[in-house]
Amino acid sequence: MFSGFSKLFKPRVEALGLEVGVANLKLVELAGSPPALRALASRPTPQGLVVEGVVTDPAALAREIRELLAEARTRKRYVVTAVPNPGIILRTIQVPKMPPKEMEEAVRWEAERYIPFPIDEVVLDFAPLEPLAEVQEGEQVEVMVGAARQEAVASLIEALREAGLTPVVLDVKPFAGLYPLEEELTKDPERVAVALEIGADSTSLVLTRGDQPLAARVITLSGKDFTEAISKAFGLDFLAAEEVKRTYGLATIPTEDEELLLDFDAERERYSPARIYDAIRPVLVELTQEVRRSLEFFRVQLGDVQPEVGYLYGGGSRLRGLSTLLTDTLGVNFTIPNPWEGIQVDARRFDLDKLQELGPEFMVPVGLALRGVGPLD
Ligand SMILES: Nc1ncnc2c1ncn2[C@@H]1O[C@H](COP(=O)(O)OP(=O)(O)O)[C@@H](O)[C@H]1O
Ligand SMILES: [Mg+2]
């Protein structure tokens, strides 16, 4: 799979998985092989701390991370994390196979055309999408290029260091979310799947064949758009709208039964399924259209690939009925994966129901943590 931007540290150590999200910071500690869950913790990201992928106040983020570490009561100080999505660009490009150093040059040269900021202000990494050994020298190779804004990388690393952490790998989130699925994805190496992660401020789509990423895209339509729609429709501030979304939100046309459940409670009447649905319907339409457009774009780019299955995760996936809506409108069967499968969990220390509930939004931090206990490549 994709290796991430920098392998900053070589020796084998066990590292924590830390996700820095626009809405939430999440920490997962795994240990051993097979991996066992040691700790998890999360806390809201203060508003305005992560803007367009850049940490605006590294010292403030460092304080939040210290709180997380204290809550998790971990002694580990190595960490695998990822650049927040809006700070990265992912593209597949073709370059001729050459010796590694020259290929790096060629990728830089080629990537420059696709990157909207000056090439000397980005950190680049790339991975071939086919085994290089099977390609003749001079033949075209498909490579996945990850580009991160220098500022996004530097501000994140500064915050980690200030929190007393040593980063060992800086990954990209859209791929990190796939690691918990690795076993499932490798089961059928020819099967094409799409992974859709809906966060607070961005949504990522990755098309895979087996466990190999084929293409990826980040779009800005995300959880906040649903909240904003509710905020407008009901005249609520963002936080109140967020609460209403979580309690009453739904993504499918309410059935009569659901309407009948209202039982004349004033609040439930106000936020009736029909009203909520009306408020967020335009966002749902836009989301399905964006996903459809992305799949179409991939199809054109890659030549007739069509996903057989979809995985839906990220906090935004918790909107009731969303996987059903996507399945019905896109003709791809979407399910919500469970990141804890394959991880040993002590039921005396962790509330299994709670973990299950948090599963979809913990795909990325669990993925990062899995990398932290896996072999470093
Ligand atoms: N029960 C829920 N119903 C709908 N949306 C939810 C629910 N729980 C969380 N979300 C949304 O998920 C998003 C946060 O997801 P998360 O993956 O933690 O974001 P990030 O990683 O970008 O910080 C927010 O937009 C939040 O409103
Ligand atoms: Mg996230």
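Read the numbers this way: they start at 1 and go in the same order the structure lists the ligands and their atoms.
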Is the closest basic N to carboxylate O distance between [X] and [Y] below 4.0 Å?
X	Y	answer
Lys76	Glu29	yes
Glu296	Arg299	yes
Glu357	Arg318	yes

Could you check whether any side-chain N or O of [X] sits under 3.5 Å from a backbone N or O of [Y], counting only pairs where one atom can act as donor and the other as acceptor?
X	Y	value
Ser222	Ala200	yes
Asn24	Lys26	no
Glu242	Thr227	no
Ser231	Leu236	yes

query: What N/O/S atom of Glu19 gets nearest to the Mg ion (ligand 2)?
result: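 Going by distance to the Mg ion (ligand 2), the closest N, O or S atom in Glu19 is OE2.
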
- prompt: Between Glu158 and Arg161, is a salt bridge (charged side-chain N to carboxylate O under 4.0 Å, His left out) present by the stated rule, with each step listed?
  reply: CA-CA 5 Å; Glu158 189 185 334; Arg161 294 247 157 87; over 6 Å; no

[atom]: which protein heavy atom is closest, and how many Å away?
atom	result
atom 1 (N) of ligand 1	Arg318 CB, 3.7 Å
atom 27 (O) of ligand 1	Glu242 OE2, 2.2 Å
atom 6 (C) of ligand 1	Gly315 O, 3.4 Å
atom 25 (O) of ligand 1	Gly223 CA, 3.3 Å
atom 5 (N) of ligand 1	Lys245 CE, 3.4 Å

Could an N or O of ligand 1 be found under 3.5 Å from any N or O of [X], whether backbone or side chain?
X	value
Lys26	yes
Ala200	yes
Glu361	no
Gly199	no

query: In ligand 1, which numbered atoms sit nearer than 4.0 Å to a non-hydrogen atom of Val22?
result: 22 (O), 23 (O)

message: Parallel, tilted or perpendicular, judged at 30° and 60°: which one describes the rings of Tyr271 and Phe234?
response: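 Correct class here is perpendicular.
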
Test item, Lys173 contacting ligand 1 (heavy atom, 4.0 angstrom):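 Lys173 does not count as a contact of ligand 1 under the 4.0 Å cut-off.
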
message: Just to check, does Gly316 reach to within less than 4.0 Å of ligand 1 when the distance is taken from its heavy atoms?
response: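 Within the 4.0 Å threshold, so yes.
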
message: Using 2.8 Å as the threshold, say whether any N, O or S atom from Glu361 sits that close to the Mg ion (ligand 2).
response: no

field: With Ile65, the side-chain contact (heavy atoms from CB on, under 4.5 Å) member among Leu27, Leu160, Thr81, Val79
entry: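 So the option named by the test is Leu160.
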
field: Residue portion contacting ligand 1 (non-hydrogen atoms closer than 4.0 Å) for Glu19
entry: side chain

